[in-house]
Amino acid sequence: MFRPEYFYFRKKDTIIHRLDPRSKLVYVIAMFVWALIRGDLLFLSAVFLLTLIPISLGKLFKNLLISLRAALFFIVLIILINYVFSHNLSLAIALALRFMILISSFLIFSITTSPDDLALALYRMGFPYDFVLTFNLSVRFIPTVMRDATNIIDAQRARGLETQKGFINRIKNYVPVLIPLIVVGIKRAINVAESMEARCFGASKKPTTLYELKFAVKDYVFIAFSFIPTIFYFLL
Amino acid sequence: MQKVIEFKHVSYKYPFEEDYAIKDIDLSFYEEEVVAIIGSNGAGKTTLIKHMNGLLKPTTGDVFVEGINTKKATVAELSKKVGIVFQNSDYQLFAQTVYDEIAFALRNFGYNEAEIKERVKKMMDYFSISQYEKSSPILLSGGEKKRVTLASVLVYDPKVLILDEPTIGLDFNQKKNLKHFISRLKEERKTIVIVTHDLDFVSDISTRIIVMNRGQVMAQGDPKDILYEEDLLKEANLMPPSIVKLAKGLGLNDRILSFEEMLQKIDNLLLRNV
Ligand SMILES: Nc1ncnc2c1ncn2[C@@H]1O[C@H](COP(=O)(O)OP(=O)(O)O)[C@@H](O)[C@H]1O
Ligand SMILES: [Mg+2]
């Protein structure tokens with residue numbers, strides 16, 4: 001089952017958590033580029049192994065294992081399909097590794113960056129405030145909505161709703177879960193909007209922020225780290 | 001009295017959380033009692049009751065419902081015996097009409113339509129909501145919604161009825177009605193468990209009180225003993241019921257919890273002073 005909490009921000013105090021979100025954003029984009037730029041086993045293995053350094057610094061090994069296990073089906077599928085069509089095992093494994101690099105680097109970004117910091121980073125990068133705020137709110141409310149969903153499923157199961165039996169049954173049984181989820185969601189949205197307006201949201205086009213982001217030495221180091229695969233690129 | 005539900009050294013930790021939400025719970029619930037589980041927010045009350053119909057299975061320890069280990073039964077099987085009405089009505093109301101909402105559980109449990117009709121009608125009468133039979137439950141007022149959710153669980157006649165924070169969002173009159181329903185159920189000899197931090201509501205209807213704090217059972221016993229323990233309640237972050245404050249303010253020595261008894265007492269005091 002898909003569990004968003006594996007990918008969701010968790011507060012912890014590690015050097016990776018303390019990095020500026022902008023440097024982590026650079027890192028993810030760089031990693032995505034590295035993952036796609038070449039398709040050979042040696043290079044991609046090196047890049048994947050390199051992502052394990054921030055994973056271990058950020059104490060994310062458990063999250064990575066859980067995510068890889070959840071993605072296992074797709075990893076196997078990628079290997080199988082590519083092998084069947086190309087008869088080239090090392091290529092097939094390389095493509096699976098590419099997928100794993102995407103998972104691993106995205107994890108480093110998403111689990112260690114608080115939605116508030118990310119929103120602030122986007123704002124400082126010139127995105128309009130309304131956009132940033134909408135984005136931030138939708139990310140922030142993920143855990144709330146998840147807890148709503150759990151509570152709704154529990155309330156319906158307590159009245160005999162079967163959520164485990166059969167495919168058709170499962171789809172049919174979405175109705176008693178989705179309707180309360182939407183109703184509760186809309187009510188919450190109205191509440192949030194009202195309380196924001198009650199506190200003068202929109203009064204200033206360029207609101208000030210509570211914190212300021214600042215690049216530190218570690219951020220420059222981390223960005224430099226994102227470009228280490230350049231060396232692999234020319235050597236391997 | 002017959003034991004209905006038993007907790008044996010039950011602890012539970014939510015996935016991804018560091019701490020246990022409930023720790024080493026040992027409790028029993030019997031036929032025909034009205035138990036109040038009191039405790040402040042986050043004390044673990046809802047987590048505890050979700051073990052009573054198998055929605056949560058203990059991380060360690062076991063829960064037995066009429067002797068059956070909840071790990072070996074489905075939620076649907078257990079729910080037939082143990083009905084839970086959750087705090088937030090919006091978390092369960094979904095049907096197009098009040099009738100369908102109340103019929104939901106019966107349909108899940110496979111009752112035939114004739115029997116469903118009879119039972120639903122009876123429930124709507126019982127809770128005076130017949131006039132809303134064809135209305136959307138989502139559009140009702142807070143108190144009416146609560147009655148629909150109560151009806152939607154009581155309709156299949158569970159042996160144990162659990163109410164999670166039933167008074168939240170209800171006004172004075174609605175609370176009074178709810179209390180009236182609970183007294184009627186008490187006469188029907190059901191086991192009733194009321195989870196709340198509203199001590200005024202449970203002070204005169206409960207036969208036993210369980211105090212929870214930080215995932216553990218701090219104390220349990222007769223309401224007169226528990227509700228007059230100021231230090232205990234303070235430690236559990238709870239406000240004593242007004243009737244207890246009144247009794248202490250008047251300097252009474254008796255532990256009074258019922259309104260009628262208190263009136264009698266005050267009457268006597270006044271007579272003596274005349
Ligand atoms: N779905 C959940 N996931 C993680 N933690 C939870 C969840 N539900 C409750 N908790 C935590 O478990 C503890 C007990 O909560 P709960 O049983 O809801 O207490 P109460 O009902 O007494 O207010 C709290 O610390 C709460 O934050
Ligand atoms: Mg609760």
Side-chain angles (χ1 to χ4, degrees), chain A residues 1-13 59-60 62-63 65-67 69-70 111 142-166 169-170 172-191, chain B residues 14-18 46-47 49-56 74-96 100-111 136-139 145 148-156 158 160-164:
Chain A
M1 198 173 79
F2 177 68
R3 301 284 297 264
E5 55 263 49
Y6 298 139
F7 302 97
Y8 190 75
F9 170 67
R10 300 241 130 201
K11 205 171 178 140
K12 254 192 214 164
D13 194 25
K59 303 209 170 89
L60 300 170
K62 199 175 150 202
N63 300 71
L65 282 183
I66 293 171
S67 309
R69 204 177 59 201
I111 296 194
I142 290 173
T144 317
V145 173
M146 270 165 22
R147 212 173 266 198
D148 282 347
T150 314
N151 285 331
I152 291 167
I153 292 171
D154 282 353
Q156 307 302 35
R157 286 181 79 198
R159 294 192 297 161
L161 182 77
E162 292 278 2
T163 49
Q164 263 111 7
K165 272 189 207 153
N169 224 345
R170 266 198 225 174
K172 211 178 74 193
N173 288 345
Y174 270 122
V175 175
V177 174
L178 278 182
I179 289 178
L181 197 60
I182 293 168
V183 170
V184 171
I186 291 174
K187 280 192 177 173
R188 178 167 299 118
I190 293 172
N191 277 339
Chain B
Y14 283 99
F16 299 96
E17 298 298 319
E18 312 264 309
T46 303
T47 307
I49 58 168
K50 281 187 179 177
H51 280 82
M52 298 191 186
N53 66 353
L55 284 171
L56 297 177
T74 67
V75 175
E77 285 160 4
L78 295 167
S79 296
K80 275 189 203 170
K81 296 180 181 147
V82 182
I84 303 186
V85 181
F86 286 101
Q87 171 180 341
N88 190 341
S89 308
D90 289 334
Y91 280 162
Q92 71 158 71
L93 299 175
F94 77 97
Q96 299 213 351
D100 287 329
E101 186 73 44
I102 301 174
F104 179 64
L106 298 177
R107 290 190 176 131
N108 287 332
F109 291 140
Y111 285 75
S136 162
I138 294 166
L139 301 175
K145 277 185 190 169
V148 174
T149 57
L150 278 170
S152 80
V153 170
L154 270 180
V155 70
Y156 60 86
V160 183
L161 179 69
I162 302 172
L163 308 175
D164 193 3

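Within every chain, numbering begins at 1; the chains are lettered A, B, ... in the order of the sequence lines, protein sequences first and strands thereafter. Predicted model, so just to flag it, every value in this text is computed and none were measured.
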Trainee: Working to the nearest 0.5 Å, report the span between CD1 of Ile152(A) and CZ of Phe86(B).
Mentor: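 These two atoms lie 12.0 Å from each other.
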
Trainee: Per the side chain to side chain donor-acceptor pair (under 3.5 Å) rule, what does the pair list look like for residues 175-188 of chain A, sequence neighbours excluded?
Mentor: Asp148(A)-Arg188(A), Lys187(A)-Asp90(B)

Trainee: I need the minimum non-hydrogen distance between Arg159(A) and Glu101(B), along with the two atoms involved.
Mentor: NH2-OE2, 2.8 Å

Trainee: Is the closest side-chain heavy-atom distance between Leu161(A) and Phe104(B) below 4.5 Å?
Mentor: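 SC-SC contact between Leu161(A) and Phe104(B) confirmed.
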
Trainee: Report which part of Ile138(B) has an atom under 4.5 Å of a heavy atom belonging to chain A: side chain, backbone, both, or neither.
Mentor: side chain

Trainee: What is the minimum heavy-atom distance between Gly160(A) and Phe109(B), and which atoms define it?
Mentor: CA-CE2, 3.6 Å

Trainee: How close do Asp154(A) and Lys50(B) get, heavy atom to heavy atom, and via which atoms?
Mentor: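 Distance-wise, the nearest heavy atoms are OD2-NZ, 2.8 Å.
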
Trainee: For residues 74-83 of chain B, which side-chain N or O atoms pair as donor and acceptor with protein atoms under 3.5 Å away, sequence neighbours left out?
Mentor:
unit_1, atom_1, unit_2, atom_2, d
Thr74(B), OG1, Glu77(B), N, 3.1
Glu77(B), OE1, Thr74(B), N, 3.1
Ser79(B), OG, Ala158(A), O, 3.4
Ser79(B), OG, Val75(B), O, 2.7

Trainee: Could you tell me if the side chain of Phe94(B) sits less than 4.5 Å from the side chain of Pro180(A), heavy atoms only?
Mentor: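 Yes, close enough: below the 4.5 Å cut-off.
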
Trainee: Take atom NZ of Lys12(A) as the centre, draw a 6.0 Å sphere, and report whether it contains more than 12 heavy atoms from other residues, nucleotides or ligands.
Mentor: yes

Trainee: Just wondering, more than 12 heavy atoms not from Tyr174(A) lying within 6.0 Å of its OH?
Mentor: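 Incorrect, the count does not exceed 12.
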
